[in-house]
Number of protein chains: 2
Amino acid sequence: MAQGIMDERKRRILKVITDDYIASAEPVGSRTIARKYDLGLSPATIRNEMADLEEEGYLEQPHTSAGRIPSHRGYRYYVNELMERRRLQPEEIERIVKGMSARKRAIDHLIHQAARVLAQFTHYPSLILAPDKQHAVIKHVRLVRLGERSVLLLFVTNTGQVESKVIDCYPDLNDFDLDNLSGLLNMRLCNRPVVEIKTTMEKELGPELRCPPELFRRTLEALLEAVRNDTIEQVITDGTAQILDQPEFAERERFRPLLDLFEEEQALYRLLTENAGPGKVRVTIGEENKEEAVRNCSVVTATYEAGPRAVGIIGVLGPTRMDYAKVLATVEFMASHLSRLLGELTGN
Amino acid sequence: MAQGIMDERKRRILKVITDDYIASAEPVGSRTIARKYDLGLSPATIRNEMADLEEEGYLEQPHTSAGRIPSHRGYRYYVNELMERRRLQPEEIERIVKGMSARKRAIDHLIHQAARVLAQFTHYPSLILAPDKQHAVIKHVRLVRLGERSVLLLFVTNTGQVESKVIDCYPDLNDFDLDNLSGLLNMRLCNRPVVEIKTTMEKELGPELRCPPELFRRTLEALLEAVRNDTIEQVITDGTAQILDQPEFAERERFRPLLDLFEEEQALYRLLTENAGPGKVRVTIGEENKEEAVRNCSVVTATYEAGPRAVGIIGVLGPTRMDYAKVLATVEFMASHLSRLLGELTGN
DNA sequence: CATTAGCACTCTCAATATGAGAGTGCTAAC
DNA sequence: GTTAGCACTCTCATATTGAGAGTGCTAATG
């Protein structure tokens, strides 16, 4: 891994190889390049350059006498320096916008829809992390009696998310106490961010409360639990089967770990959060991933906003040999479009 | 397909073949049977009987000189007449009950959990249709303002399900009108079944209403839409990747249609509702299925109850060569266990 | 001195042949 | 009616082969 002196010619060759491999999924040889791309070089020269690029760690060979394919390092260099960034074409944008439909919808619907559109458009599986609830603002809290021994706690945030939790309660709880607490909760918690629930409840609400402390304790517990990150449906996926269309996942041993991964929400959560950061779109390539199952995949993520401080993450998972230019442009656009739609929803 | 005169010996042979094939996934030959099962018959005799069974349509041969495998008709006969029905063992029951955890939870959690347990226990993908909301009883209705131009309509049913829908409204809607309508809705709709929403709103509520008719119209629309069957998350699946462990789905062309099916909620819905009926557990075998993609699969379903008239369906999808005895017992038990848990939840 | 033509060599992949194994159907004997 | 025996069929795993693609090296070339 000598540090490469990347002259222009080497860069061109690396770019051409990567482009070609992304399109064809076949190792690409010197002959092919010389014929297909007009570099004004003979195969032999290209071979020499390719040998250099391999030594410097940008290319690798599946076996002697196959063509070369980009290494992870090669992809990284390609993404950072070589690739032609592009914007989506107007007609592509239209397709996406239409797919998201004009109809105003609850945030959950929007997210599901976004996942679907993203997967269909890129032909790779999509992942979406629902907006972080910690800074969403509570708009409504309510305790609803379901049966003799159970009460449903529900609250709504300004992002249109509804969370609920069942509270198991003793049988002689009377409706008066319940309504009392319910009203009080609503009054105190409304228009406050989720993250302040605990302090608000303990400091302001505790003292002036008349209801049985047991009920209060359980309600607080339920609230906190509902807010915690382990609620269901946090990561939405779509198009998972599309990964099977990629030739690199033709054999069972290849795709099986991935499909298993898609059923494990915790792992998906890590995948999205580890890579993402605020700001623009990010790419994590192959071995850069911490998750074992996804070592020969790349993840492209971007954050979207659902209110002042509430952010979520959208992402696309594909083979390292992914059409980065297209996916980057799409993820970027989708993130901003989703932010816009959610902004309209919450009226900001 | 002459109508078979099924004497006892033929029945025994058919049963043994089916049992063996279910366990081994290999076509079973006369020799194997004679050796492995103590029928007191020579291979040649068994061959003759097998030839008869084939002619009568209970068995088929993948190709000359392979063993026989049960036809769909054979499986049907096996399930109806031959199979030894069994109950789950106490330790199996314990595993399931534990998997469902003692903690009281919202219905959505319960359903997800049930799907997971069912899939892990049977080693086949599981499907669950959330309870039919049409006869659930409304426990709470509320309009919550989210932003300047959007209002969230939400309602809770006695089964602990929370439905919500965003209503797009004109900017000058005042909070007074909103609260007014919200309170009125709650008063009138509470403790009524979902199915009566429309008539109630039109007949009782329309006249005495003071709020702008436009808002009223949109709210009604949103309510009806929220209640309709096309809400998201209706069919929950789990363990879809497990189908890949079955040897019959080793090749891509075999499993691909199935994985696609799992991403199409409409199709899953049809799959569950077409086969299920009230009462006990049901089996649909291979070609009996209407859905093209599951023609070499069997579906075992059972209904569960989530309140007086609210029913849902749980099911397991596997290859026709499925361990019917185990799956039937499991699905049956899970349905009743889920009914019990939901009963506790709603206090009935 | 960088570039290129030529060539021997390597590795994969698809096509083909081969033989063992399992199972059948039929006939004739019990 | 049951079964032993046998010829026949079909699959599957394994080995063989040759074409094709690509490389690395060397020597010739401008």
Side-chain angles (χ1 to χ4, degrees), chain A residues 5-14 16-18 20-21 23-71 74 247-248 250-251 254, chain B residues 5-14 16-18 20-21 23-71 74 247-248 250-251 254:
Chain A
I5 319 98
M6 267 294 202
D7 60 10
E8 191 50 33
R9 194 170 74 181
K10 262 196 203 135
R11 290 164 54 97
R12 268 226 300 282
I13 290 178
L14 179 55
V16 160
I17 290 176
T18 312
D20 198 82
Y21 183 62
S24 71
E26 300 288 332
V28 20
S30 54
R31 210 188 154 71
T32 319
I33 295 181
R35 209 183 327 116
K36 219 158 137 188
Y37 303 90
D38 198 22
L39 298 181
L41 296 170
S42 80
T45 312
I46 295 171
R47 273 205 289 283
N48 289 331
E49 295 285 38
M50 275 168 36
D52 286 359
L53 283 167
E54 180 167 1
E55 198 166 338
E56 288 157 24
Y58 294 103
L59 293 180
E60 37 192 53
Q61 239 177 335
H63 44 260
T64 340
S65 141
R68 304 296 212 294
I69 63 178
S71 68
E248 33 267 274
E251 297 110 33
R254 295 277 174 208
Chain B
I5 319 98
M6 270 291 204
D7 60 10
E8 192 50 32
R9 195 168 73 181
K10 264 197 203 132
R11 291 165 53 100
R12 267 226 301 282
I13 289 177
L14 178 55
V16 160
I17 290 176
T18 311
D20 198 82
Y21 183 62
S24 71
E26 301 287 334
V28 19
S30 55
R31 213 189 152 71
T32 319
I33 295 181
R35 210 183 326 117
K36 220 158 137 188
Y37 302 89
D38 199 24
L39 298 182
L41 297 171
S42 81
T45 311
I46 295 171
R47 273 204 290 282
N48 289 332
E49 296 284 39
M50 274 166 36
D52 287 359
L53 283 167
E54 181 168 1
E55 197 166 340
E56 289 155 25
Y58 294 105
L59 293 179
E60 39 193 51
Q61 237 175 336
H63 42 260
T64 341
S65 145
R68 304 299 211 292
I69 64 177
S71 68
E248 33 267 273
E251 298 110 32
R254 295 278 173 207

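Below, chain A is the first sequence line, B the second, and so on; all start at residue 1.
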Next on the checklist: Of all nucleotides in DNA chain D that come within under 4.0 Å of a heavy atom of chain B, which is furthest toward the 5' end and which toward the 3' end?
Outcome noted: D:dT2 to D:dT11
Next on the checklist: Salt bridge or not between B:Arg68 and B:Glu54? Use side-chain N to carboxylate O under 4.0 Å.
Outcome noted: yes
Checklist entry - With the threshold set at 4.0 Å, does a side-chain nitrogen-carboxylate oxygen contact exist between B:Glu49 and B:Arg9? => result yes
Item to check | Minimum heavy-atom distance between A:Tyr21 and A:Pro70, given as atom pair plus value | outcome: CD2-CD, 3.5 Å
Checklist outcome for this item: Whichever of B:Pro27 and A:His63 has the more 5' nearest nucleotide on DNA chain C, that residue is A:His63
Checklist entry - More 5' along DNA chain D: B:Ala44 or A:Ala44, using each one's nearest nucleotide? => result B:Ala44
Checklist entry - Is there a donor-acceptor pair closer than 3.5 Å between any side-chain N or O of B:Ser71 and the backbone N or O of B:Glu60? => result no
Next on the checklist: Let me spell it out: for each of A:Ser30 and B:Leu41, pick the nucleotide of DNA chain D with the closest heavy atom. Which residue's pick is nearer the 5' end?
Outcome noted: B:Leu41
Checklist entry - Counting only N and O atoms by type, is there a donor-acceptor contact under 3.5 Å from the side chain of B:Ser24 to the main-chain atoms of B:Asp20? => result yes
Checklist entry - When the distance from CG of A:Asn48 to C1' of C:dT4 is rounded to whole Å, what number comes out? => result 9 Å
Item to check | Under 3.5 Å donor-acceptor, B:Thr32 side chain and B:Val28 backbone | outcome: no
